[in-house]
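Keep in mind the model is a prediction, meaning the values are calculated, not measured. So you know, we letter chains A, B, ... as the sequences are listed, proteins then strands, and number each from 1.
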Number of protein chains: 2
Amino acid sequence: MTVTIYDVAREAGVSMATVSRVVNNNPNVKPQTRKKVYEAIERLGYRPNAVARGLASKKTTTVGVVIPDISNAIFAEVARGIEDIANMYHYNIILCNADKRKEKEIRVVNTLLEKQVDGLLFMGGAVTDEHLQAFKTANVPVVLCATTDEHGVIPSVDINHEEAAYDAVRTLIANGHRRIAMISGTLQDPSNGYARFHGYKRAIEEAGITYDESLVRTGNYRYESGVEAVKYFLELPERPTAVFAATDEMAIGAIHSIQDAGLKVPENISVISVDNSRMASMVRPQLTTVAQPMYDIGAVSMRLLTKLMKKEAVEQAKVILPHEVITRNSVGGAV
Amino acid sequence: MTVTIYDVAREAGVSMATVSRVVNNNPNVKPQTRKKVYEAIERLGYRPNAVARGLASKKTTTVGVVIPDISNAIFAEVARGIEDIANMYHYNIILCNADKRKEKEIRVVNTLLEKQVDGLLFMGGAVTDEHLQAFKTANVPVVLCATTDEHGVIPSVDINHEEAAYDAVRTLIANGHRRIAMISGTLQDPSNGYARFHGYKRAIEEAGITYDESLVRTGNYRYESGVEAVKYFLELPERPTAVFAATDEMAIGAIHSIQDAGLKVPENISVISVDNSRMASMVRPQLTTVAQPMYDIGAVSMRLLTKLMKKEAVEQAKVILPHEVITRNSVGGAV
DNA sequence: CTGTTAGCGCATTCAA
DNA sequence: TTGAATGCGCTAACAG
């Protein structure tokens with residue numbers, strides 16, 4: 001039924017070793033026989049079996065990608081960066097959603113390892129000792145992608161979330177704002193949650209503003225939680241003049257919530273966030289936000305992984321990509 | 001270095017066949033020996049090699065997914081549906097972006113087949129004879145996902161794009177509109193382009209409105225092209241009272257373009273589209289649009305594929321999922 | 001219930 | 001430049 005390398009060998013009147021050589025572009029083959037082999041391949045419609053090749057060579061040219069949720073625009077962008085570079089280096093990716101849930105993350109890492117991936121790109125929540133344990137039993141390189149590792153032992157690619165949040169809040173302060181609210185993520189999330197919150201707090205305190213707990217609400221990164229947080233802020237005895245949201249989506253919810261209350265952005269309340277997703281320029285007013293280069297994070301981490309897989313020397317095993325505040329129209333001077 | 005099934009067998013004092021049985025949950029093993037084997041596995045840190053298993057069993061429990069662009073929210077949603085169901089049936093997915101480009105599509109289908117995927121989920125542009133040829137050489141089932149096949153020979157899951165567009169335009173007509181513009185996709189795209197355009201045309205003509213070429217602009221599905229199309233419409237001697245956009249994103253561009261011109265939606269111009277992406281409720285006014293159940297399209301097509309892979313009988317090899325117009329606030333009565 | 005024996009399709013020595 | 005032989009780690013008869 002299936003035509004194998006052996007069938008091709010017989011058809012071409014050579015040995016299977018020779019067929020293997022031409023299929024793998026080994027230069028040690030006389031052009032003439034190479035031609036014969038190609039013709040036989042064509043005639044038989046031979047298609048190399050990558051599984052057999054994988055078993056024999058111990059390389060699968062596929063990498064595993066653990067991602068929180070591919071339907072989230074931010075991660076989808078990272079995934080595209082990963083796949084483009086993977087493709088460029090002739091790797092395929094096996095994609096697994098793990099929803100930042102530890103058990104699921106560990107589980108998919110193990111099945112990926114069973115499938116003998118040549119490397120692992122991990123995008124998740126907190127990196128625990130159990131994660132480290134799982135990574136250690138892998139005999140293949142692992143790189144963390146858009147994921148902070150407190151231990152700092154695994155190669156990683158990310159932005160500095162704390163600094164990005166700090167810069168966002170600084171922009172607000174530079175515009176004269178002092179009563180600045182934050183819509184945060186959960187503090188259990190090291191990057192989008194904890195780090196961004198601390199960037200906010202540091203900026204506030206450095207500016208001599210006393211931290212006010214009632215000005216911080218925890219959201220779930222989604223639009224609706226931005227809407228809800230602002231409803232709460234507007235009922236405060238003294239409402240904020242600016243809002244810093246941990247993600248674009250919550251910021252957009254915030255903007256609409258403000259507008260629904262009959263107020264204007266940025267005339268009455270300014271809004272800034274971190275992400276610079278495509279949606280940021282698809283709202284009115286367009287959102288001022290700190291650009292997080294998601295595609296590049298994916299691309300760079302995949303590139304790093306290829307080097308690791310080839311055992312090439314890498315200068316930097318922990319790369320921090322630059323962020324940048326993108327000024328649009330959602331931030332104005334304090335009233 | 002790597003511990004194999006043979007090592008486990010020796011450690012547990014049984015044969016490799018027995019180890020294989022317990023690993024594969026074969027009931028024909030005495031509980032006692034099963035226990036011994038589990039202990040040996042634990043002690044040695046044995047991890048089954050799926051590649052070897054794949055070679056021996058001729059099954060890889062992975063399916064190939066060809067997708068236009070994972071960073072596009074619509075497709076990312078489909079992908080999530082696919083992966084959730086795949087996961088449920090213990091399959092993994094290899095994901096390949098092909099940007100609806102024929103050569104790339106054919107190429108990735110072939111590498112996926114080399115990797116011995118157990119099935120193929122194809123999401124692409126037009127299905128040509130070359131595609132069909134490639135699918136035929138696959139010895140595994142293929143299902144088309146959100147992709148129309150003029151030939152109708154491959155199992156598929158999609159909505160009826162022509163009908164969805166028709167229903168959208170009908171709602172406009174029901175609201176008294178007669179001068180209805182369309183922001184279309186490219187006519188080369190069978191589903192989002194051609195079919196939706198024809199749904200528009202049919203609705204128009206059935207209502208006794210003469211088709212006016214100057215009221216149709218071709219966009220590229222992105223926000224910006226919605227903005228541009230409306231700019232053009234507003235300069236027409238007689239501007240439209242309603243706009244039908246082939247996708248949500250273009251519709252949002254249209255809304256903002258209308259607002260930027262000092263007009264109101266829906267007071268001056270109504271806007272409707274097809275997709276019901278998450279963004280639809282993240283604009284003001286919230287977008288009235290025809291819901292296309294992307295997650296379900298992914299989930300159902302993956303479910304169909306599992307049946308095909310198990311050679312189970314399937315009642316329906318061509319499933320059309322229902323669409324539904326979601327009424328929000330972007331459509332009003334004609335002025 | 002358990003063990004023995006063959007491959008699965010290929011890469012890779014080692015010789016020639 | 002080519003071929004023969006071996007084994008990658010496992011499943012799947014088959015026999016017992």
The side chain of A:Lys58 lies closest to which of these nucleotides: C:dC10, D:dT1, D:dC8? D:dC8
Rounded to whole Å, how long is the line connecting atom OH of B:Tyr6 with atom C1' of C:dT5? 13 Å
So if I take every side-chain heavy atom of A:Ala52 and compare against D:dC8, C:dG9, C:dA11, which nucleotide ends up nearest? C:dG9
Regarding the side chain of B:Ala17, the nearest nucleotide among C:dT4, C:dC10, C:dC1 is C:dT4
Using a heavy-atom cut-off of 4.0 Å across all strands, would you classify A:Val14 as base, sugar-phosphate, or nothing? sugar-phosphate
Report the residue (A:Asn24 or B:Pro31) whose heavy-atom-nearest nucleotide on DNA chain C is the more 5′ of the two. B:Pro31
Which part of the nucleic acid does A:Thr4 contact within heavy-atom distance under 4.0 Å: base, sugar-phosphate only, or nothing? sugar-phosphate
Taking atom CD of B:Glu42 as the centre, report whether more than 12 heavy atoms of other residues, nucleotides or ligands fall under 6.0 Å from it. no
Looking only at side-chain atoms of A:Arg21, point me to the closest of C:dC1, D:dT2, D:dC10. D:dT2
Would B:Asn28 and B:Arg21 count as having a side-chain donor-acceptor pair, cut-off 3.5 Å? no
So does B:Thr33 get a side-chain nitrogen or oxygen closer than 4.0 Å to the phosphate oxygens (OP1/OP2) of C:dT2? yes
Check every strand shown and say whether A:Val23 touches a base, only sugar-phosphate, or nothing at a heavy-atom separation below 4.0 Å. nothing
A:Gln292 and A:His161: which non-hydrogen atoms are nearest, and at how many Å? OE1-CE1, 3.2 Å
Thinking salt bridges, do A:Asp99 and B:Arg80 make one under a 4.0 Å N-O criterion? yes
Can you work out whether A:Ser57 or B:Val19 has the more 5'-proximal nearest nucleotide on DNA chain D? A:Ser57
Identify which nucleotide among C:dG9, D:dT2, C:dA11 has an atom closest to any side-chain atom of A:Thr2, counting heavy atoms from C-beta outward. C:dG9
Closer than 4.0 Å, any side-chain N/O of A:Ser20 to the OP1 or OP2 of C:dA11? yes
Would you call A:Lys100 and A:Glu105 a salt bridge, taking side-chain N to carboxylate O under 4.0 Å as the test? no
Per atom distances to the B:Leu55 side chain, the nearest of D:dG9, C:dA11, C:dT2 is D:dG9
Remember a base hit wins even if backbone is also touched, and classify B:Asn49 as base, sugar-phosphate or nothing at under 4.0 Å, heavy atoms. sugar-phosphate
